[in-house]
Structures are given as structure tokens and as C-alpha cells.
Amino acid sequence: MKSEMAQIQQNAVQNHTATMLEIGTSLLSQTAEQTRKLTDVETQVLNQTSRLEIQLLENSLSTYKLEKQLLQQTNEILKIHEKNSLLEHKILEMEGKHKEELDTLKEEKENLQGLVTRQTYIIQELEKQLNRATTNNSVLQKQQLELMDTVHNLVNLCTKEVLLKGGKREEEKPFRDCADVYQAGFNKSGIYTIYINNMPEPKKVFCNMDVNGGGWTVIQHREDGSLDFQRGWKEYKMGFGNPSGEYWLGNEFIFAITSQRQYMLRIELMDWEGNRAYSQYDRFHIGNEKQNYRLYLKGHTGTAGKQSSLILHGADFSTKDADNDNCMCKCALMLTGGWWFDACGPSNLNGMFYTAGQNHGKLNGIKWHYFKGPSYSLRSTTMMIRPLDF
């Protein structure tokens with residue numbers, strides 16, 4: 001019995017020991033598993049810590065760069081402040097100088113205003129004197145015209161008297177142009193009356209007896225801008241103005257005169273610097289009104305350009321209400337005045353009159369291209385004709 005009990009106890013002890021071993025083994029396995037998991041967690045924590053340290057280092061570097069940039073910008077801002085201070089100082093100096101200059105200009109302006117006021121008064125007085133002188137001059141011109149008409153009538157009466165020459169009666173013919181006037185012994189420049197063939201009434205003209213031997217019948221003259229040359233066809237046909245000043249003889253009279261015999265044309269020009277020049281043509285006449293008073297020229301000479309500023313091959317006359325040119329642009333409207341424009345062309349002596357200082361860059365002025373260029377407006381012009389056999 002004792003041996004059985006001992007055997008049972010021994011078996012119980014062995015079972016208990018085996019159980020304890022299993023429990024120990026299980027605990028060890030669990031402990032090992034827990035240790036492994038803790039090791040993994042520790043590894044992850046270390047990795048995370050490393051990444052955080054790396055990010056911290058990168059942030060530190062970025063912060064350093066930003067601090068450096070901030071320092072640079074601070075230095076630049078300081079420099080800009082210094083420059084601004086200098087500029088403000090210079091601006092203050094300039095404002096001071098400008099104020100002084102402005103005060104000086106104001107003083108000069110006041111002085112000039114006073115001078116202008118005095119000069120305006122003087123000009124008004126001179127204008128009054130000029131008006132009185134002009135009135136007196138007009139009276140004298142009228143008296144001169146009346147006197148010359150009287151002399152001319154006396155000459156006509158004398159020449160109509162019977163002169164006995166070999167028992168025959170001879171009567172002198174009336175003056176056809178200024179060449180006849182000159183050859184009759186009248187060699188002073190002035191206004192004379194001529195009798196043009198096929199014209200019902202006599203015509204007063206200005207005769208130039210001084211230029212190149214005299215005997216010139218003036219058909220156009222510009223000198224001071226006192227007469228408006230921006231006129232229509234009818235006025236250019238019959239003429240306008242006063243022969244003692246600015247005037248246009250009239251296309252109908254120019255046609256009638258140049259139909260009497262062969263004529264030459266001379267054009268006298270003067271610029272605003274006092275320089276004179278001329279263009280002369282050996283043959284000159286114009287057609288009738290049905291032919292639009294077409295211009296015919298031959299043989300150009302003179303000092304107003306080696307090339308003629310008038311169209312030698314001929315051109316019709318155009319005015320603002322009668323477009324007879326060869327341009328779609330209507331030259332008489334664009335360039336003003338009445339003229340032989342062709343395709344506007346290099347001349348227009350009946351353009352706008354511009355005063356000194358205003359005469360540059362004017363395409364619609366008194367133009368003679370080959371003398372002063374296409375945009376220079378001349379000071380004075382004279383167109384005159386004389387018989388070729390004078």
C-alpha cells in the first residue's frame with residue numbers, strides 16, 4: 001500500500017511539475033512575444049525620433065536662412081532709408097531753388113506785362129496814325145488815278161487831232177497793253193488805261209516800267225495779304241482787287257490780251273528773308289472759258305529754280321467751285337485759291353497769305369516749289385506779261 005501511495009504521490013508530483021513547466025514555458029513564450037513587440041515599438045519610436053530630429057535640423061537650417069535673409073533685407077531697408085533721406089534733402093533743395101526761380105519769373109512776368117501794356121498803347125497810337133496815313137494815301141491814290149485818266153484823255157484828244165503828214169490825216173491807236181504805253185513815252189510805273197481787242201470796256205492795269213526794260217502789264221500781284229484770293233470761278237474770270245495793290249486782272253482779260261499778239265510771261269518772287277528771284281517764259285497765252293482758260297507755256301529761264309514750277313505741258317484753271325485739275329483730291333479746295341493746278345503741281349501763287357514766322361510748313365500757301373520748296377509760303381509775287389517783239 002505504501003508503495004502505491006508513494007507511486008501516486010510521485011505521479012502527482014510529476015504531473016504538477018509538468019504542469020508548472022508548461023505554465024513556465026507559456027509564460028516565457030508570452031514574455032518573449034511581448035519583448036519582441038516592445039522591441040518593434042522601440043524601433044518605430046527610434047525611427048520616428050530620427051525623422052523628427054532630421055525635420056528639426058531642416059527647420060533650424062530654414063530658420064537660419066530666413067534670419068539671414070531678414071538681416072539682408074533689414075540692411076537693404078536701412079540703405080533705402082538713407083537714399084530716401086538724401087532724396088528728400090535734394091527735393092527740399094530743388095523746391096527752394098524752384099521757388100526762387102518762380103519768384104524771379106513772376107517778377108519778370110509782371111515787368112513784361114507792364115511792357116506789353118505800354119507797347120499796346122504805343123501800337124494803338126501807331127494804328128491811329130497809320131489809319132490817318134492810309135486815308136491820306138487813299139485820297140492821294142484816287143487823285144493820282146484821276147490825274148492819270150485826265151492825262152490819258154488829253155493824250156487821246158491830242159492824238160485824235162488831225163496831223164498833216166504829206167497831206168494825209170493820221171490818228172494814233174489806243175493802248176493795247178503796257179508795252180504800247182511805254183512806247184508812247186510813258187516810262188513811269190503806275191496805273192494806266194488800256195483798250196483790249198474784243199473787250200467792250202477799257203481796263204485799268206498796273207504797268208511796270210522798271211523791271212527788265214519796262215513795258216510789263218501786271219496780271220497778278222500779292223504783297224501784304226490784304227486781299228482775299230479764296231474766290232470762285234466768276235470772280236477769277238472777271239478779276240478782283242485794285243491795280244495799285246493786290247489784284248488778279250481776270251482770266252477773260254488775260255485771254256483777250258494774249259490773243260492780240262505773242263506774249264512772254266515774267267514772274268517776280270520774294271521770300272521773307274528779302275531774297276528775290278524770277279521765272280520767265282518765252283511764250284505765254286491761255287485758252288478761252290470753254291477751254292477752262294488752259295495755260296500754254298514755252299521756254300523757261302530765270303533764277304527761281306532750274307526747273308519750271310508752272311506746268312509746261314499745259315493745265316486747266318481750277319477754283320473752289322470749278323474742279324478742272326487732274327487729281328481726285330480737288331486741289332483748289334485743298335490748296336485754296338484759283339490756279340493752273342494740273343495734279344496739284346509745284347506752284348500756287350494764289351494760295352493763302354501767311355505772315356513771317358507762320359509761313360513754314362504751309363502746303364496751301366503762296367508756293368513756288370523750285371525756289372523755296374513745297375511748304376514755304378512767299379512774301380510777295382508779281383505776274384506780268386509783255387509782247388515778245390518789245
Side-chain angles (χ1 to χ4, degrees), residues 136-163 165 170-197 199 201-224 239 241-250 253-254 256-270 274-285 299 301-304 349 379-390:
N136 294 335
N137 188 41
S138 299
V139 173
L140 289 173
Q141 286 181 348
K142 185 176 180 181
Q143 292 176 351
Q144 181 188 18
L145 290 173
E146 292 175 352
L147 181 60
M148 293 189 71
D149 281 341
T150 302
V151 171
H152 184 256
N153 290 333
L154 288 172
V155 170
N156 286 338
L157 288 173
C158 291
T159 54
K160 288 178 181 179
E161 293 292 331
V162 177
L163 298 176
K165 286 188 178 181
E170 186 175 292
E171 184 176 307
E172 185 175 317
K173 295 180 180 179
F175 304 138
R176 295 168 293 177
D177 51 33
C178 292
D180 284 353
V181 174
Y182 186 91
Q183 290 170 343
F186 299 94
N187 56 7
K188 297 292 183 182
S189 294
I191 299 174
Y192 295 86
T193 301
I194 62 174
Y195 294 82
I196 307 168
N197 287 349
M199 296 301 291
E201 299 292 333
K203 185 71 172 175
K204 292 185 183 296
V205 296
F206 188 91
C207 295
N208 189 312
M209 304 302 190
D210 302 315
V211 172
N212 194 29
W216 296 98
T217 303
V218 175
I219 62 174
Q220 185 261 20
H221 183 61
R222 309 288 300 275
E223 63 181 8
D224 56 15
N242 191 321
S244 63
E246 295 196 331
Y247 86 116
W248 177 260
L249 179 62
F253 296 99
I254 298 172
I257 293 176
T258 56
S259 298
Q260 297 178 139
R261 43 184 171 169
Q262 290 185 338
Y263 282 83
M264 61 196 312
L265 170 68
R266 185 180 178 96
I267 299 175
E268 295 278 333
L269 309 168
M270 185 172 73
N275 302 308
R276 295 179 181 274
Y278 74 93
S279 286
Q280 189 162 301
Y281 301 86
D282 296 337
R283 298 285 192 280
F284 165 77
H285 73 278
T301 57
T303 59
L349 298 187
R379 179 177 183 176
S380 68
T381 68
T382 303
M383 298 177 65
M384 46 194 180
I385 58 176
R386 185 175 70 184
L388 185 63
D389 58 356
F390 178 77

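What's counted below: heavy atoms across the whole structure, side chains too, no hydrogens, waters or symmetry copies.
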Checking Gln183 against Phe175 for the side-chain contact (heavy atoms from CB on, under 4.5 Å) test, could you report, in this order, the C-alpha distance in whole Å, the side-chain angles of both residues, the deciding distance, and whether it holds? CA-CA 10 Å; Gln183 290 170 343; Phe175 304 138; over 6 Å; no
Closest non-hydrogen atom pair between Tyr195 and Pro202, with its separation: CE2-CB, 3.6 Å
Which heavy-atom pair separates Phe390 from Ala179 by the least distance, and what is that distance? CD1-CB, 3.7 Å
Non-hydrogen side-chain atoms of Leu249 and Lys203 separated by less than 4.5 Å: yes
Point-to-point distance, once rounded to the nearest 0.5 Å, from CD1 of Ile196 to OG1 of Thr217: 8.5 Å
Compare every heavy atom of Met209 with every heavy atom of Phe186, then report the nearest pair and how far apart it is. O-CE, 3.4 Å
Checking side-chain contact (heavy atoms from CB on, under 4.5 Å) between Arg386 and each of Asn208, Asp177, Asn212, Val211, which is the one that passes? Asn212
Value rounded to 0.5 Å, distance of CD in Gln220 from CD1 in Ile385: 12.5 Å
If you compare all heavy atoms of Val218 against all heavy atoms of Met384, which two are closest, and at what distance to 0.1 Å? CA-CB, 3.9 Å
Any heavy-atom pair between the side chains of Ile194 and Ile257 that's under 4.5 Å? yes
Can you establish whether the number of heavy atoms outside Arg261 located under 6.0 Å from its atom CZ is more than 12? yes
Look at the side chain of Thr382 and the backbone N and O of His221, then say whether any donor-acceptor pair between them is shorter than 3.5 Å. no
For the backbone of Gly245 and the side chain of Glu223, can you confirm whether one donor and one acceptor N or O come within less than 3.5 Å of each other? no
Are Phe284 and Ile219 packed together at the side-chain level, in the sense that at least one heavy-atom pair is separated by less than 4.5 angstrom? yes
Got a second to check how far Glu246's CD is from Ser380's OG, nearest 0.5 Å? 9.5 Å
Measure across Asp210 and Ser189 and return the closest heavy-atom pair with its distance rounded to 0.1 Å. OD2-OG, 2.8 Å
dist Met264:CE -> Thr301:OG1 (nearest 0.5 Å) comes out at 7.0 Å
Kindly indicate whether the side chain of Trp248, heavy atoms from C-beta on, has any atom under 4.5 Å from the side chain of Ile254. yes
Using every non-hydrogen atom in the two residues, find where Leu388 and Asp282 come nearest and quote the distance to one decimal. CD1-O, 3.4 Å
May I ask you to decide if Asn197's main-chain N or O and Gln260's side chain share a donor-acceptor pair within less than 3.5 Å? yes
Can a salt bridge be assigned to the pair Arg266 and Glu268 using a cut-off of 4.0 Å between side-chain N and carboxylate O? yes
Using the ring-ring contact (aromatic ring centres under 6.0 Å, His included) rule, take Phe206 and Tyr247 through it: C-alpha gap first, then chi angles, then the decisive distance, then the call. CA-CA 10 Å; Phe206 188 91; Tyr247 86 116; 7.9 Å; no
Is it the case that the side chain of Ser279 and the backbone of Ile267 share a donor-acceptor pair, with hydrogens and angles ignored and the cut-off at 3.5 Å? no
Between Thr381 (side chain) and Leu269 (backbone), is there a donor-acceptor pair under 3.5 Å? no
Distance, nearest 0.5 Å, that separates CZ of Arg379 from CG of Asp224: 10.0 Å
